[in-house]
2 protein chains.
Amino acid sequence: MIRCIGKCTIFAASKSTLSRLPLYYSHIRKMQQQGEKYVSAAAVAQSLNLNPVLVRKDLSGVSSVEGKPRAGFEIDTLLNDLSEFLGYNKVDEAILVGVGSLGRLILTNTEFSSMGLDIAVGFDKDPDLVGLQIGSKYILPMEKMESYIKRTGVKIGIITVPADQAQSVCDQMVECGILAIWNFAFTLLNVPKGILVKNENLPSSLAVLSQQLANKLNNIK
Amino acid sequence: MIRCIGKCTIFAASKSTLSRLPLYYSHIRKMQQQGEKYVSAAAVAQSLNLNPVLVRKDLSGVSSVEGKPRAGFEIDTLLNDLSEFLGYNKVDEAILVGVGSLGRLILTNTEFSSMGLDIAVGFDKDPDLVGLQIGSKYILPMEKMESYIKRTGVKIGIITVPADQAQSVCDQMVECGILAIWNFAFTLLNVPKGILVKNENLPSSLAVLSQQLANKLNNIK
DNA sequence: TAGATTGTTAATCGATTAACAATC
DNA sequence: TAGATTGTTAATCGATTAACAATC
């Protein structure tokens with residue numbers, strides 16, 4: 001349960017908890033749409049193939065009210081708490097740099113906005129792309145990035161350029177005041193202390209998966 | 001160092017180690033191309049912003065020879081060991097289901113093949129897509145998936161369909177003998193014990209990033 | 001040699017799981 | 001009531017970090 005001192009929420013979810021919350025949200029949302037009124041941590045755990053204690057702990061962390069033994073949590077309240085906790089209610093602005101195929105995919109994905117992320121605009125150095133509208137988003141030239149960030153105070157930058165350009169884009173972003181970077185380029189970024197980076201890293205994922213498969217096939221494990 | 005009993009390698013890398021290895025590989029590869037002959041774990045750690053002990057441990061795990069104090073590891077040998085360990089040398093086949101924009105992106109990405117993953121063919125239920133060639137890959141109708149998997153013995157399936165269709169595609173795959181699933185749909189999959197699943201989950205990543213940013217802005221942390 | 005770098009053993013940290021009393 | 005479900009405390013597990021002797 002969230003405990004409040006003044007207006008400050010003090011439940012600090014771990015990274016791993018945090019990455020499960022959106023899954024709970026979308027699952028419980030589905031139940032709501034099916035007309036359910038209550039949901040138990042146990043049921044969620046079973047549907048999502050997770051340890052029940054884990055789910056219980058996660059949910060009790062974000063819920064504003066205690067769950068009722070034997071019934072569980074009221075879905076409407078719980079969804080509210082989840083979306084509040086995840087910041088789905090208040091919208092963060094972001095910019096995206098690198099309007100290649102991945103960049104376009106992200107720019108045009110409408111689901112991010114329901115998760116509180118509004119990608120305001122894309123930047124690209126290719127003059128052929130500049131001025132185009134992709135989805136409903138305009139593509140601006142790289143030269144305008146600095147003034148854009150400074151004018152709007154946007155804090156989140158998404159990098160979808162090729163790996164060899166990622167560091168330089170990152171440096172520019174940081175220079176202009178971006179505080180959090182979502183990096184889709186396959187390279188680790190060097191950032192000053194205090195700048196947040198979240199890497200999306202397909203080669204790493206693939207390595208884990210294919211190694212596990214190899215082990216399995218070899219019966220090592 | 002890899003120790004061998006008969007022909008069986010017994011270093012079992014943890015998931016977290018495994019997901020760092022591709023980063024080491026690509027970084028050290030870059031050094032090789034710049035003409036370097038030796039690399040130290042310490043140097044890699046510094047470039048990638050990682051703890052030196054961690055890198056040392058990871059590298060000593062995969063390297064076939066011991067690193068030389070004061071010099072480090074011979075780059076050519078180390079890269080060989082890394083790519084051997086990661087299975088970049090031997091190619092795994094995979095199929096992909098769901099040829100939307102993300103599916104296309106993955107189908108046409110040429111980098112996977114250098115990482116030992118060959119996406120042989122795509123499947124889609126949309127008759128307009130069937131028969132097309134995207135990149136160099138053919139799109140087949142869903143009905144042919146079963147016979148394709150059984151004929152070729154392919155073991156890896158990539159799911160890029162919308163969330164609400166993912167479970168059913170997954171079930172079909174498992175039914176036909178797929179053992180490892182790379183899931184890009186935003187939903188957790190229920191699979192029988194023993195089937196491997198690796199989820200790519202953007203909403204989860206976003207949740208982590210934006211929460212961290214919020215904490216930062218609130219000076220909670 | 002002196003110092004950088006290695007590999008390993010022990011300590012720490014964080015997250016998951018197990019155990020259990022409390023409650024509707 | 002009996003039993004499912006809750007929240008919490010303690011035990012376990014796994015990964016990272018610290019400490020240190022060995023080596024070129």
Side-chain angles (χ1 to χ4, degrees), chain A residues 1-3 10-21 23-24 28 31 36-75 77-78 81 188 204 207-208 211-212 215 221, chain B residues 1-3 10-21 23-24 28 31 36-75 77-78 81 188 204 207-208 211-212 215 221:
Chain A
M1 168 152 66
I2 300 181
R3 288 190 197 74
I10 58 166
F11 172 69
S14 70
K15 271 191 204 181
S16 28
T17 291
L18 221 32
S19 61
R20 284 187 295 269
L21 296 182
L23 289 160
Y24 301 156
I28 297 170
M31 294 184 65
E36 301 287 334
K37 292 297 172 207
Y38 276 84
V39 61
S40 73
V44 172
Q46 175 149 50
S47 308
L48 301 181
N49 257 328
L50 294 168
N51 184 303
V53 186
L54 200 60
V55 179
R56 219 145 79 213
K57 225 167 180 175
D58 288 344
L59 290 185
S60 88
V62 293
S63 175
S64 59
V65 295
E66 296 199 343
K68 287 186 196 152
R70 202 140 159 70
F73 297 84
E74 201 193 345
I75 283 189
T77 315
L78 186 56
D81 292 336
L188 288 182
S204 293
V208 173
Q211 183 83 64
Q212 287 177 327
N215 284 345
K221 210 170 191 175
Chain B
M1 171 154 60
I2 301 181
R3 293 196 191 68
I10 58 164
F11 172 69
S14 71
K15 271 192 204 178
S16 28
T17 291
L18 222 31
S19 61
R20 284 188 295 268
L21 296 182
L23 288 162
Y24 300 156
I28 297 169
M31 294 184 65
E36 301 287 332
K37 293 300 174 205
Y38 276 85
V39 61
S40 73
V44 172
Q46 175 150 50
S47 308
L48 302 182
N49 257 328
L50 294 169
N51 183 304
V53 186
L54 199 61
V55 178
R56 219 143 82 211
K57 224 167 182 177
D58 289 343
L59 290 185
S60 88
V62 292
S63 175
S64 59
V65 295
E66 297 199 342
K68 286 187 196 151
R70 201 138 161 70
F73 296 84
E74 201 193 346
I75 284 190
T77 316
L78 186 56
D81 291 336
L188 289 182
S204 293
V208 173
Q211 183 82 65
Q212 287 176 327
N215 284 345
K221 212 172 187 172

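Here the structure is a predicted model, which is why all the values come from computation and not from measurement. Letters A, B, ... mirror the listed sequences (proteins, then strands); counts begin at 1.
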Could you check how far [atom1] of [X] sits from [atom2] of [N], rounded to whole Å?
{"X": "A/Leu54", "N": "D/dT6", "atom1": "CG", "atom2": "P", "result": "13 Å"}
{"X": "B/Asp58", "N": "C/dT5", "atom1": "CG", "atom2": "P", "result": "18 Å"}
{"X": "B/Lys15", "N": "C/dA15", "atom1": "NZ", "atom2": "C1'", "result": "13 Å"}
{"X": "B/Asn49", "N": "D/dT16", "atom1": "CG", "atom2": "P", "result": "15 Å"}
{"X": "B/Leu18", "N": "D/dA15", "atom1": "CG", "atom2": "P", "result": "11 Å"}
{"X": "A/Glu66", "N": "D/dT6", "atom1": "CD", "atom2": "P", "result": "12 Å"}
{"X": "A/Asn51", "N": "D/dT5", "atom1": "CG", "atom2": "C1'", "result": "15 Å"}
{"X": "A/Leu59", "N": "D/dT8", "atom1": "CG", "atom2": "P", "result": "13 Å"}

Requested in this report: For A/Phe73, answer base if it contacts any base atom (sugar-phosphate contacts may also be present), sugar-phosphate if it contacts only those atoms, and nothing otherwise; contact means non-hydrogen atoms under 4.0 Å.
Outcome: sugar-phosphate

Query raised in the report: Does any nucleotide pair with C/dA15 by Watson-Crick or G-U wobble geometry, both distances under 3.5 Å, and what is it?
Result: D/dT12

Query raised in the report: What does D/dT23 pair with, Watson-Crick or G-U, if both distances are under 3.5 Å?
Result: C/dA4

Query raised in the report: Under 4.0 Å between a side-chain N/O of B/Ser16 and OP1 or OP2 of D/dG14, yes or no?
Result: no

Query raised in the report: Which one of A/Glu74, A/Lys68, A/Arg70 satisfies the side-chain hydrogen bond (donor to acceptor under 3.5 Å, both in side chains) criterion with A/Tyr38?
Result: A/Lys68

Requested in this report: Looking only at non-hydrogen atoms, find the nearest pair between B/Leu18 and B/Ala13 and report the distance.
Outcome: CD1-CB, 4.1 Å

Report summary line: Tightest non-hydrogen contact, residues A/Gly67 and A/Pro69, listed as O-CD, 3.5 Å

Between [options], spot the one nearest the side chain of [X], thanks.
{"X": "A/Val53", "options": "C/dT17, D/dT17, C/dA15", "answer": "C/dT17"}
{"X": "B/Ser40", "options": "C/dT6, D/dT6, C/dT17", "answer": "C/dT6"}
{"X": "A/Arg20", "options": "D/dT5, C/dT16, D/dT16", "answer": "C/dT16"}

Query - OG-CG distance between A/Ser47 and A/Leu23, expressed to the nearest 0.5 angstrom - result: 12.0 Å

**Report entry** Gap separating the OG atom of B/Ser40 from the CG atom of B/Leu59, nearest 0.5 angstrom
**Finding:** 9.5 Å

Taking N or O atoms only and anything under 3.5 Å, show me the protein contacts with nucleotides 20-24 of chain C, one pair per line.
none

Query raised in the report: What about B/Lys57, does its side chain sit under 3.5 Å from the base of C/dT6 through a donor-acceptor pair?
Result: no

Query raised in the report: Are the side chains of A/Leu78 and A/Val39 in touch, meaning some heavy atoms are under 4.5 Å apart?
Result: yes

Query raised in the report: Do A/Val65 and A/Thr77 come within less than 4.5 Å of each other through their side chains, counting heavy atoms only?
Result: yes

